[in-house]
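What follows is a set of notes on a single structure, which appears directly below.
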Amino acid sequence: MEDNCIFCKIAKGDIPSSTIYEDENFRAILDLGPASKGHALILPKKHAENLFELPDELAGKAMVLAKKLAKQLQDGLHADGVNVVQNNGQAAGQTVFHFHMHLIPRYNGDTVNVAWTPGTLTEEDKKEILALF
Ligand code: 5GP
Ligand code: ZN
């Protein structure tokens, strides 16, 4: 547990939260500033700042859990879709530096914004990127 990490405290139960799921590795809670009705967060109990610090085993389990809870939210709230979002780094919109996955139920015509303007894949970029792998 990291000192002064709010999500460590919530995940461990030291700070109360609206918990929708808990097991030995994770706690899933309702977001305090929801983008939509049912917006939930999956938090590992073990501190990892971001996806790259999260052990592979937990990363795999987090995705399986996201699948299960996203379906329960969608079905239970009669949502029309769900975004599974996970931010790494300030530039990517991360504000709490303890890994978490957002489950954001989506409703036809809602005003949630998880979108970007499509750009163009240039030949130069394509060459540079493909050379990385
Ligand atoms: P990020 O921007 O880091 O991907 O997402 C952080 C999320 O955590 C935001 O959606 C924000 O509303 C939520 N959040 C921040 N502090 C708290 C808190 O104390 N309790 C809960 N339940 N959610 C929080
Ligand atoms: Zn933490």
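Every number for a ligand or one of its atoms is a count from 1 in the order of the listing. None of the values given here were measured: they were computed from a predicted structure. As a basis for the values below, the full set of heavy atoms in this structure was taken, side chains included, without hydrogen atoms, waters or symmetry mates.
Residue-ligand proximity, Ile10 to ligand 1, at heavy-atom distances under 4.0 Å covers atoms 18 (C), 19 (O), 20 (N). Close approach of ligand 1 to Gly33 is summarised as follows: ligand atoms under 4.0 Å from at least one heavy atom of the residue are 12 (O).
Counting heavy atoms from C-beta outward, Tyr21 and Gln72 have side chains that stay 4.5 Å or more apart. Annotation: side chain of His102 is in contact with side chain of Asn87 (closest heavy-atom distance under 4.5 Å). Between Lys61 and Phe26, some side-chain heavy-atom pair lies under the 4.5 Å cut-off.
One N or O on the side chain of Arg27 and one on the backbone of Ala11 form a donor-acceptor pair closer than 3.5 Å. Listed for the Asp31 side chain is no donor-acceptor partner under 3.5 Å among the backbone atoms of Leu41.
Looking at Leu43, Asn87, Leu32 and measuring to atom 21 (C) of ligand 1, the nearest heavy atom belongs to Leu32. Checking His39, Met101, His100 against atom 1 (P) of ligand 1, the nearest heavy atom belongs to His100.
The protein non-hydrogen atom at the shortest distance from atom 3 (O) of ligand 1 is Thr95 N, 2.7 Å. The single protein non-hydrogen atom nearest to atom 12 (O) of ligand 1 is Asp31 OD1, 2.5 Å, given as residue, atom name and distance. The protein heavy atom nearest to atom 22 (N) of ligand 1 is Leu30 O, 2.9 Å. When hydrogens are left out, the protein atom nearest atom 2 (O) of ligand 1 is Gly93 O, 2.8 Å; that is the closest non-hydrogen contact. In terms of protein heavy-atom proximity, atom 15 (C) of ligand 1 is nearest to Val96 CG2, 4.0 Å.
Looking only at atom types and distance, the side chain of Asn88 has a donor-acceptor partner in the side chain of Gln86 under 3.5 Å away.
Among heteroatoms of the N, O or S kind in His47, ND1 lies nearest the Zn ion (ligand 2). Of all the N, O or S atoms in His98, the one closest to the Zn ion (ligand 2) is ND1.
Between the CG atom in Asn25 and the NZ atom in Lys46 there is a gap of 10.0 Å [rounded to 0.5 Å]. Taking SG of Cys8 as the start and NZ of Lys45 as the end, the distance is 12.0 Å to the nearest 0.5 Å.
Only the side chain of His102 comes within 4.0 Å of ligand 1, judged by heavy-atom distances. Here Val85 has no heavy atoms under 4.0 Å from ligand 1, in either its backbone or its side chain. Counting heavy atoms under 4.0 Å from ligand 1, residue Ile15 does not touch it at all.
For Lys127 and Glu123, the salt-bridge test fails: no basic side-chain N is under 4.0 Å from an acidic carboxylate O.
No N or O atom of Gln94 sits closer than 3.5 Å to an N or O atom of ligand 1.
Ligand 1 lies out of reach of Ser17, whose nearest heavy atom is not under 4.0 Å from it. Heavy-atom distances between Phe7 and ligand 1 reach below 4.0 Å in at least one pair.
Taking the six-membered ring for Trp and thresholds of 30 and 60 degrees, His98 and Phe7 have ring planes more than 60 degrees apart, a perpendicular arrangement.
Shown here is Asp56, whose CG atom has no more than 12 heavy atoms of other residues, nucleotides or ligands within 6.0 Å.
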